[in-house]
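Shown next, in structure tokens, is the structure this report addresses.
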Amino acid sequence: MGGGGQQPEPGSSLYTWDEVQKHNHRRDKWLVINRKVYNITDWATRHPGGVRVISHYAGEDATDAFHAFHPEPEFVRKFLKPLLIGELAPSEPSLDRQKNAAIVQDFRALRERVEKEGLFRTDPLFFCLYLGHILLLEALALLVLWYWGSGWIQTLLCAVILTTAQSQAGWLQHDFGHLSVFKKSRWNHLVHKFIIGHLKGASANWWNHRHFQHHAKPNIFSKDPDVNMLHTLVLGNTQPVEYGIKKLKYLPYNHQHQYFFLIGPPLLIPVYFSIQIMYTMVSRRDWVDLAWSMSYYLRYFYCYVPYYGFFGSIALVTFVRFLESHWFVWVTQMNHIPMDIDHEKHQDWLTMQLVATCNIEQSFFNDWFSGHLNFQIEHHLFPTMPRHNYWRAAPMVRAVCEKHGIPYQVKSLWRGFSDIVSSLKKSGDLWLDAYLHK
């Protein structure tokens, strides 16, 4: 796999990796899929997943990323055909930048195995029941107010129920956003717009363009938007030292900044994301997503204004978003913040995902509470796999990792939460030491 030797098609242009790697700029982008070289410079802005996610692989081999993100590869190749400019020379290896050919070969064999064992097949009943329990929670929240009134106790109970419904809807939209439910992508996209738009009031396109970058290059500065902290936090072991040496201060610039994480993001995320989502939809003239999002707010105010009035309803939804943000931040970051966060290292797909993710122990509660993101490793390796099959893939993934000496971490839920705080504290201490002494 790593040795090249494949015969090119007659008449095709041949390139070396050195030539391909030169084309990794904003206005000049090539990438390689299955040894074929594609010029995506002009087409990248029309990429359905967003211009940034595909641009992150400019000048690189994108074979495993291509198969990870596209459940209908033959359909997608129709769009790739006009972009084909040649292929790698026979003397060139199939992998770039000294990637481990044995690891790549074993991972691709693993992918073939899980496909043959049917782990990419969906159980429709699972997702029907999951959607049903969300709609039931939404109805229950209204029933509490209709039957018992809108006193303080009832309002708190209503807020908790709505928070649970919103969090679970967040996990469900994640499934459809990753095209892991229906065989046809268009049906996934349609239901995704309904769930994230009508049930949550957000934008499907905004989520896709942001979240796919995270999956393509997890925990990599300047490529993963989830580790762009806008100078409010420093993350990992590299960034704190870089900030400290440059004498840069971040917002909570004492080394006890882990306490800011307990309060800050859950306070800021609802406001920041709401503004960003609205700006994105309007600036891109994404009227379909805007209409879906507005349908959520029309339904919400229609249901709750009779009990709380307009401003009271705004206060309620703000409180619900605050509670939901705590749920979202702690669950999504327990798998990533304590892991390796650094600049681009150009690792193979398996290694890159494993150093940036870890799992949380399986239980019925952990599966439900995290939307099966306690199997973050399997989700990152196979993002289009239905989540109810992660547990079946996990032993196979672990075996490949053990074979190649790649750490496969599994923690308790409490350990996952506590590691967030200890990791942030370590980053703060590294920054303080570099700021004072280097």
- Test side-chain hydrogen bond (donor to acceptor under 3.5 Å, both in side chains) on H133 and W368 and set out the steps. CA-CA 11 Å; H133 106 284; W368 174 83; 3.2 Å; yes
- Residues M334 and G416: closest non-hydrogen pair is CB-O, 3.6 Å
- Are any non-hydrogen side-chain atoms of M396 and L119 less than 4.5 angstrom apart? yes
- Are a donor atom and an acceptor atom from the side chains of Y307 and S313 found within less than 3.5 Å of each other? no
- Query: Which pair of non-hydrogen atoms, one from M352 and one from Y57, has the smallest distance, and what is that distance?
  - Reply: CE-OH, 3.6 Å
- Message: Any donor-acceptor pair under 3.5 Å linking the side-chain atoms of Q376 with those of H380?
- Response: yes
- Separation between CD (Q409) and CD1 (I360), nearest 0.5 Å, reads 9.5 Å
- Message: Check this for me, if you would: do R97 and E344 make a salt bridge, where the nitrogen-to-carboxylate-oxygen distance has to be below 4.0 angstrom?
- Response: no
- Side chain of N335, backbone of T357: donor and acceptor closer than 3.5 Å? no
- Item | Parallel, tilted or perpendicular, as decided by the 30° and 60° cut-offs, for the rings of H372 and F375 | parallel
- Give me the ring orientation class for F369 and F365: parallel if the planes are under 30° apart, tilted from 30 to 60°, perpendicular past 60°. parallel
- Note on the structure: When rounded to the nearest 0.5 Å, the distance separating CD1 of I134 from CG of L172 is 4.5 Å
- For the pair W431 and Y435, name the ring-plane relationship: parallel under 30°, tilted 30 to 60°, perpendicular over 60°. parallel
- Any ion pair linking E242 and K246 (charged N to carboxylate O, less than 4.0 Å)? no
- Heavy-atom side-chain proximity of Y408 to E402 below 4.5 angstrom: no
- Query: Are the side chain of Q168 and the backbone N or O of A165 linked by a donor-acceptor pair below 3.5 Å?
  - Reply: no
- Query: Is there a donor in the side chain of H192 and an acceptor in the side chain of W292, or the other way round, less than 3.5 Å apart?
  - Reply: no
- Query: With distance as the sole criterion, is a donor-acceptor pair present between the side chains of T41 and K29 under 3.5 Å?
  - Reply: no
- Distance-only side-chain donor-acceptor flag, H209 / R52, under 3.5 Å: no
- Do side-chain atoms of T332 reach the backbone of F328 as a donor and acceptor pair under 3.5 angstrom? yes
- Item | Non-hydrogen atoms of L430 and P240 that approach each other most closely | CB-CB, 3.9 Å
- Task: Test side chain to side chain contact (heavy atoms under 4.5 Å, CB included) on D96 and V32 and set out the steps.
- Result: CA-CA 10 Å; D96 59 320; V32 176; over 6 Å; no
- Any donor-acceptor pair under 3.5 Å from N188 side chain to V181 backbone: yes
- Query: Between E72 and R77, is there a salt bridge with N-O shorter than 4.0 Å?
  - Reply: no
- Item | Y130 vs W171, side chain to side chain contact (heavy atoms under 4.5 Å, CB included): CA-CA, chis, key distance, verdict | CA-CA 10 Å; Y130 209 94; W171 307 143; 3.9 Å; yes
- Query: Do the charged groups of E378 and R398 touch, with an N to O distance under 4.0 Å?
  - Reply: no
- Query: Does H47 use its side chain to pair, donor to acceptor, with the backbone of G50 at less than 3.5 Å?
  - Reply: yes
- Message: Ignoring hydrogens, what is the shortest heavy-atom contact between R121 and P386? Give both atom names and the distance.
- Response: O-CG, 3.7 Å
- Less than 6.0 Å separating the ring centroids of H388 and F127? yes
- Is it true that E112 and R108 have a side-chain N and a carboxylate O under 4.0 angstrom from each other? no
- Message: Let me confirm one number: the CD1-CG distance from I161 to L143, rounded to the nearest 0.5 Å.
- Response: 8.5 Å
- Task: Taking all non-hydrogen atoms of both residues into account, name the closest pair between S185 and L179 and its distance.
- Result: OG-CD1, 3.8 Å
- Got E138 and L142 here, is their nearest side-chain heavy-atom distance under 4.5 Å? no
- Query: Hey, are K345 and D340 close enough for a salt bridge, meaning a charged N less than 4.0 Å from a carboxylate O?
  - Reply: yes
- For the residue pair T384 and F120, what are the closest heavy atoms and their distance? OG1-CE2, 3.4 Å
- Given side chains that start at C-beta, do those of C358 and M339 come closer than 4.5 Å, heavy atoms only? yes
- How far apart are the C-alpha atoms of R210 and D226, what are their side-chain angles, what is the distance that settles it, and do they pass the side chain to side chain contact (heavy atoms under 4.5 Å, CB included) test? CA-CA 8 Å; R210 180 184 177 89; D226 286 6; 4.0 Å; yes
- Taking S293 for the side chain and G201 for the main chain, is one N or O donor matched with an acceptor at less than 3.5 Å? yes
- Message: One pair to check against side-chain hydrogen bond (donor to acceptor under 3.5 Å, both in side chains): S370 and N374. What are the steps and the verdict?
- Response: CA-CA 6 Å; S370 67; N374 50 327; 3.1 Å; yes
- Message: If we ignore hydrogens and angles and just use 3.5 Å, is the side chain of N34 paired with the main-chain N or O of K36 as donor and acceptor?
- Response: no
- Message: What I want to check is whether the side chains of D342 and T238 have a donor and an acceptor closer together than 3.5 Å.
- Response: yes
- Report yes if the side chains of L190 and F176 come closer than 4.5 Å at any heavy-atom pair, otherwise no. no
- Taking D289 for the side chain and N205 for the main chain, is one N or O donor matched with an acceptor at less than 3.5 Å? yes
- Task: Take H437 and D433 through the test side-chain hydrogen bond (donor to acceptor under 3.5 Å, both in side chains) and record every step on the way to the result.
- Result: CA-CA 6 Å; H437 304 119; D433 178 69; 3.0 Å; yes
- Could you label the plane-to-plane angle of the H214 and H211 rings as parallel, tilted or perpendicular, counting under 30° as parallel and over 60° as perpendicular? tilted
- Flag side-chain contact, heavy atom, 4.5 Å: F322 against T163: no
- Query: So W330 and F417, would you call those rings parallel, tilted or perpendicular, with 30° and 60° as cut-offs?
  - Reply: perpendicular
- Item | Validation row, ring centre F212 to ring centre H178 under 6.0 Å | yes
- Using distance alone, with no hydrogens and no angle criterion, decide if D348 and T351 have a side-chain donor and acceptor under 3.5 Å apart. yes
- Task: Keeping the roles fixed (side chain from R299, backbone from H198), state whether a donor-acceptor pair exists under 3.5 Å.
- Result: yes
- Any side-chain donor-acceptor pair under 3.5 Å between S423 and D419? no
- Query: Is it true that the side chains of T63 and D61 contain a donor and an acceptor less than 3.5 Å apart?
  - Reply: yes
- Message: Between Y390 and D367, do the side chains contain a donor N or O and an acceptor N or O under 3.5 Å apart?
- Response: no
- Query: Under the 3.5 angstrom rule, does the side chain of N219 hit a backbone N or O of I341 as a donor-acceptor pair?
  - Reply: no
- Task: Kindly compute the distance separating CD1 (I195) from OH (Y296), expressed to the nearest 0.5 Å.
- Result: 14.5 Å
- So, H404 versus D106: side-chain donor-acceptor pair below 3.5 Å or not? yes
- Task: Check whether any side-chain heavy atom of W30 sits under 4.5 Å from a side-chain heavy atom of I40, and report yes or no.
- Result: no
- Once the angle between the rings of F382 and F107 is folded into 0 to 90°, is it parallel (under 30°), tilted (30 to 60°) or perpendicular (over 60°)? parallel
- Message: Over 60° means perpendicular and under 30° means parallel, so tell me whether H379 and H174 are parallel, tilted or perpendicular.
- Response: tilted
